[in-house]
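Every heavy atom of this structure was used, including side-chain atoms; hydrogens, water molecules and symmetry mates were not.
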Amino acid sequence: MKAQALFRYDLKLVIRAPILIGGGSAPRFGVDALQLRNPDGRAIIPDTHLKGVLRAAWNALEAEGISLPLSADVAFGREGSDIRGGTDVDDLNPQNRGAFLFRDLVSDEQYDTRQLTRVALNGETGSADDGKLLTLESIAPPGAPVTFRGYLLAWLDGADEAKLIEQRLHDALQCIFAIGKGKTVGYGQIIDRLVSSSIEIPLRKIISDKGEYFNYRFRLDKRLLVNTERPDNNTQAGEPIIPGGVLKGALAEKLRRSGIDPTKGDIGRALSRLIISHAEPFSTAGPPETGEKDMHRHDAMLRLDTVALAPRKPLRGVKNDQCAFRWDADLQISREPDWPIADFVSDTKEDPFRCPAAPNGLERRPNLTRDTRVRNAIDPKRGAAEDGKLFTESAIHPRFLDKPLEWRGTVYCPDGVNDVTLACLELLKGGLVTVGKTASATTVNSETTTEFGMDLEPENLPEALRLSCNQRVEVEILTPALMLREFHLSSERRFSEALQTYWETVGQQAFRIAVEDVEPLDETGTTRPRALDFFCQVELRAGYQALKHTFFGEKALEPFVLVKPGSLFRLEIVEPALAQDILRRLTLTGLPVARWSSEPETGDPSDGVQAFTAEKNLDFQTCPFTPQNGFGQVRVRPFQVSR
């Protein structure tokens, strides 16, 4: 496997107005088409559009017999390779993505916008033909130059190939005379173009302090589309939290590009054992000024803690020792509210005055800006979008209030840092360049994207809780966990007993799910039946993930059952010393995946429980929801109820 190097090329296009590249928000009243802009308000040439016109120019050069160092498929990726689920496409093969990784070109100038009208007149009536009167946005006066700047990254074989690619990119841009919509009537004429010399980007960064546990932080250089959902048939929306498996997949691709097979040998074992947490976004912007309107979401956030804490200002009708509200002064993008705060009741209903912990994402996630774009493929015969080729992408913008977001998490090396693990960590610190569907790159510079990489700092291992017999602890699920099979959802009894068996097995009988206190009914001498003390919600993941991974070894398609973040389990300690060790390990490694056999024939949910995943070769290829990929992260704390 041949090693490659990563290069950067700065691009500049000077375009004579008018120019129009659509694909953004819905048109304003009276305007039929708007220029696509980024959330900062600047006109852009999107990466996908630039990639398409350059690919066409690349093919034109090849048709003219010009020698090209890379074919179109190798340079730009296989057409349609972003469509998931195809059996002929190997997602781990970097050639499917292509050697070139494009970024948006962003305009330098910001002129006052105006409107232009296009019309086709009917020769008989002298008025506009039906559907041929259009009002279009113009981002600059006609004839004014608009400069767009950006860059692309390229995986190449070395400096010689990089020099030749520079020349061929220049030749390809010379083939492009106009860009965007309306080229046949003079829109988007390119009057100047520039490709910079190649800049090689170091792939590794030295780690001087070796440890088992690291905190990482990074920023992104372009919009993020990851963990996508489909609110409707023609929309896909990404989530702000980056799964650890996505980061590990990007690291695996970087290993491949570096000439190392990430699926074999010592490097494959080290990568599979490396535990990379989910990356959560944090804002680097300061709190908004008084009276400033937040156009994105809320300008105030409230943090809820499990233990009751008094707010700065007493709440009307609520005693401080009954309330779990606390204003978090360190929470950024926040302002202390001056309005009444609603009361909450615990989901577990044990104490009506106790407030449950907020979901992990709610209490720390900042306000976010979404970058929404419309993508389509036009049928040349009809002039309209082809069937199934018109859809909207809603991605996470990497900046909020003109400040970059930071994504943070942890990396844990359960086997310590040997030479092979160190190689993985140094490549990780050097930065990832294919994060998510949009192939974002990680950066460490606050305002520019010239320095690629990731801050990776060693951290002390968290200390173990001091536990005693019969004490209760609360375990909160922070990221989705694979703890159940589909057949466990067939009845409430099977569901609860399967979870009980899971915790007894993972705890080696050192702890078990606690039972709720007996609650007396209104009628004297009667009580409610005792029940296990937990609050758990699940979700099903099927589709591409279930098709790709045959984790359960069954021929029939079975969805993955994931316990949702925010689920709470209250555990009763039986053997404090052992429980202390196991719970500490779970906070580092995440919850193990239960290995269940086929559906039990006896009807007993505990029947069929086998050994946990230590006996199964789980890695980033065989199962998407392993603890090594950041799934099943938990927070453990003593259980307290304030009365």
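With a 4.5 Å cut-off on side-chain heavy atoms, I241 and T479 do not count as touching. Residues L586 and P592 meet the side-chain proximity criterion, which asks for heavy atoms closer than 4.5 Å. For the pair T263/R256, a side-chain contact is recorded, criterion being any heavy-atom separation below 4.5 Å from C-beta on. Residues L6 and L203 meet the side-chain proximity criterion, which asks for heavy atoms closer than 4.5 Å. Between Q500 and R512 there is no side-chain heavy-atom pair separated by less than 4.5 Å. Using a 4.5 Å heavy-atom cutoff, the side chains of V433 and W155 are in contact. Two residues are said to be in side-chain contact when any heavy atoms from C-beta on lie closer than 4.5 Å; I513 and L571 meet this criterion. A heavy-atom distance below 4.5 Å is found between the side chains of L489 and F495.
The ring-ring contact (aromatic ring centres under 6.0 Å, His included) check on F100 picks up W58, F76, with sequence neighbours excluded. In this view, L11 and L50, L105, L152, V195 satisfy the side-chain contact (heavy atoms from CB on, under 4.5 Å) rule, not counting sequence neighbours. In this structure, the ring-ring contact (aromatic ring centres under 6.0 Å, His included) partners of F569, at least two apart in sequence or on a different chain, are W503, F534.
V563 pairs in a side-chain contact (heavy atoms from CB on, under 4.5 Å) with only one of the listed residues (L482, L591, V538), which is V538.
Atom CD of E426 is separated from atom CG of D419 by 9.5 Å, given to the nearest 0.5 angstrom. Taken to the nearest 0.5 Å, the CE atom of M454 stands 12.5 Å off from the CZ atom of F214. Remark: C413 SG to R273 CZ distance equals 10.5 Å, nearest 0.5 Å. Note that the CG atom of L427 and the CD1 atom of I207 stand 9.5 Å from one another [nearest 0.5 Å]. Here the CG atom belonging to L588 is positioned 5.5 Å from the CG atom belonging to L461, to the nearest 0.5 angstrom. K429 NZ to F218 CZ: the interatomic distance, rounded to the nearest 0.5 Å, is 15.5 Å.
Between L568 and E474, the shortest heavy-atom distance links the atoms CD1-OE2, 4.0 Å. Nearest heavy-atom pair, L425 versus L456, reported as atom, atom and distance to 0.1 Å: O-CD2, 3.8 Å. The shortest non-hydrogen separation linking F282 to R408 is CD1-CD, 3.7 Å. Summarising the geometry of P565 relative to L478, their closest heavy-atom pair is CB-O, 3.5 Å, with the distance given to 0.1 Å. When all heavy atoms of P240 and W407 are compared, the closest pair comes out as O-NE1, 2.8 Å. Shortest non-hydrogen contact noted between C536 and L499 is SG-CD1, 4.2 Å.
The backbone N or O of G238 sits less than 3.5 Å from a side-chain atom of R370, completing a donor-acceptor pair. In terms of modelled atom types and a separation under 3.5 Å, the side chain of K254 and the main chain of L428 share no donor-acceptor contact. Although no hydrogens or angles enter the test, the distance criterion places no donor-acceptor pair under 3.5 Å between the side chain of S468 and the main chain of Q471. At least one donor-acceptor pair closer than 3.5 Å links the side chain of R55 to the backbone N or O of G77. Remark: the backbone N or O of D221 is not paired with any side-chain donor or acceptor of S440 at under 3.5 angstrom. Remark: side-chain polar atoms of H278 are paired, donor with acceptor, to backbone N or O of G630 under 3.5 angstrom. The main-chain N or O of F102 is never found under 3.5 Å from a side-chain atom of K51 such that the two would form a donor-acceptor pair. Between the side chain of Y216 and the main chain of S277, a donor-acceptor pair closer than 3.5 Å is present. With T228 contributing its side chain and A237 its backbone, the two residues share no donor-acceptor pair below 3.5 Å. Remark: side-chain polar atoms of D10 are not paired, donor with acceptor, to backbone N or O of S196 under 3.5 angstrom.
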Please lay out, stage by stage, how D581 and R584 fare under the test salt bridge (charged side-chain N to carboxylate O under 4.0 Å, His left out). CA-CA 5 Å; D581 178 65; R584 179 175 181 269; 5.7 Å; no

Test side chain to side chain contact (heavy atoms under 4.5 Å, CB included) on L153 and R103 and set out the steps. CA-CA 8 Å; L153 303 175; R103 269 58 186 157; 4.0 Å; yes

List the steps and the verdict of side chain to side chain contact (heavy atoms under 4.5 Å, CB included) for L220 and T442. CA-CA 5 Å; L220 295 177; T442 62; 4.2 Å; yes

So Q628 and S272, side chain to side chain contact (heavy atoms under 4.5 Å, CB included) or not? Walk me through it. CA-CA 7 Å; Q628 293 89 341; S272 296; over 6 Å; no

So V561 and L540, side chain to side chain contact (heavy atoms under 4.5 Å, CB included) or not? Walk me through it. CA-CA 5 Å; V561 180; L540 299 180; 3.6 Å; yes

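F560 does not carry R541 over the face of its six-membered ring by the limits of under 6.0 Å from the centre and within 45° of the normal.
Ion pairing between a basic and an acidic side chain is recognised when a charged N comes within 4.0 Å of a carboxylate O; E539 and K564 show no such pairing. A salt bridge is absent between E393 and R373; no separation between the charged side-chain nitrogens and carboxylate oxygens falls under 4.0 Å. Note on K2 versus D157: salt bridge recorded, some NZ/NE/NH1/NH2 to OD/OE distance being below 4.0 Å. A salt bridge links R637 with E476: the distance from a Lys NZ or Arg NE/NH1/NH2 to an Asp or Glu carboxylate oxygen falls below 4.0 Å.
In this structure, a donor-acceptor pair under 3.5 Å is absent between the side chains of R223 and T438.
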